[in-house]
Amino acid sequence: MEPTDAQFLIINALEMLEVLIQQTFDPETNNWYILTLSEDLPMAMIVPSGKVVGVNLPANTSTIQNPQSLVLDGSKSLMQNR
């Protein structure tokens, strides 16, 4: 699946505000995972409707080496909570 226009609008806005650190699009779920500079919502998922949803971080984040693995670990923890 391809990202929606609503998702692109959110990503473009975050890039313009220079708060986006990392972004990963998952074509299987059509969700976009982001890592931002925000203290309130550092990691989130943008669903196809454009809604931004917080993602729970794994309990032990000390072993995470880079933002990419943080995004992937967060998406795994999200799926496990369903």
Side-chain angles (χ1 to χ4, degrees):
M1 298 180 97
E2 295 291 320
T4 64
D5 289 341
Q7 287 172 312
F8 275 120
L9 286 172
I10 300 296
I11 291 295
N12 288 338
L14 292 172
E15 286 177 339
M16 288 181 65
L17 294 169
E18 298 180 353
V19 296
L20 191 61
I21 297 171
Q22 182 73 35
Q23 57 177 318
T24 302
F25 181 73
D26 182 357
E28 291 180 18
T29 62
N30 209 34
N31 294 323
W32 212 318
Y33 295 92
I34 59 171
L35 185 63
T36 71
L37 296 174
S38 170
E39 291 181 15
D40 296 322
L41 196 63
M43 184 174 175
M45 174 177 66
I46 307 171
V47 297
S49 68
K51 183 177 179 182
V52 179
V53 181
V55 175
N56 293 329
L57 293 175
N60 183 5
T61 58
S62 63
T63 61
I64 296 173
Q65 299 299 315
N66 58 50
Q68 181 68 26
S69 61
L70 180 65
V71 171
L72 295 176
D73 287 350
S75 66
K76 287 178 188 175
S77 69
L78 180 67
M79 297 304 172
Q80 290 172 354
N81 290 335
R82 287 188 173 181

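Being a predicted model, the structure only gives us computed values, none of them experimental. Computed from heavy atoms alone, side chains included, the values below leave out hydrogens, waters and symmetry copies.
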Original post:
For Asp26 and Tyr33, which heavy atoms make the closest approach, and how far apart are they?
Top reply: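 So the two residues come closest at CB-CE1, 4.0 Å.
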**OP:** Write down the atom of Trp32, the atom of Pro3, and the distance for their closest heavy-atom approach.
**Re:** CZ3-CB, 3.5 Å
Subject >> Results of side-chain contact (heavy atoms from CB on, under 4.5 Å) for Thr4 - residues two or more places apart only >> reply: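 Only Ala6, Gln7, Asn30, Pro48 meet the side-chain contact (heavy atoms from CB on, under 4.5 Å) criterion with Thr4.
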Subject >> Reported CG-to-CG distance for the pair Asn12 and Leu17, which is rounded to 0.5 angstrom >> reply: 11.0 Å
Original post:
Taking atom OG1 of Thr24 and atom CG of Asn31, what is their separation to the nearest 0.5 Å?
Top reply: 12.0 Å
Between side-chain atoms of residues 34-45 and protein atoms elsewhere (two or more places apart, or another chain), which donor-acceptor pairs fall under 3.5 Å?
from, atom 1, to, atom 2, distance (Å)
Thr36, OG1, Ser38, N, 3.2
Thr36, OG1, Leu41, O, 3.0
Ser38, OG, Asp40, N, 3.2
Ser38, OG, Leu41, N, 3.0

**OP:** Examine Phe8 and Leu20 and state if one hydrophobic cluster contains both, with Ile, Leu, Val, Met, Phe, Trp and Tyr joined whenever side-chain heavy atoms are less than 4.5 Å apart.
**Re:** yes
**OP:** Look at the side-chain heavy atoms of Ile, Leu, Val, Met, Phe, Trp and Tyr, link any pair under 4.5 Å apart, and say whether Ile46 and Met1 land in one connected group.
**Re:** no
**OP:** Would you list the pairs meeting ring pair (Phe, Tyr, Trp, His ring centres under 6.0 Å) in which at least one residue belongs to residues 36-56, sequence neighbours left out?
**Re:** none
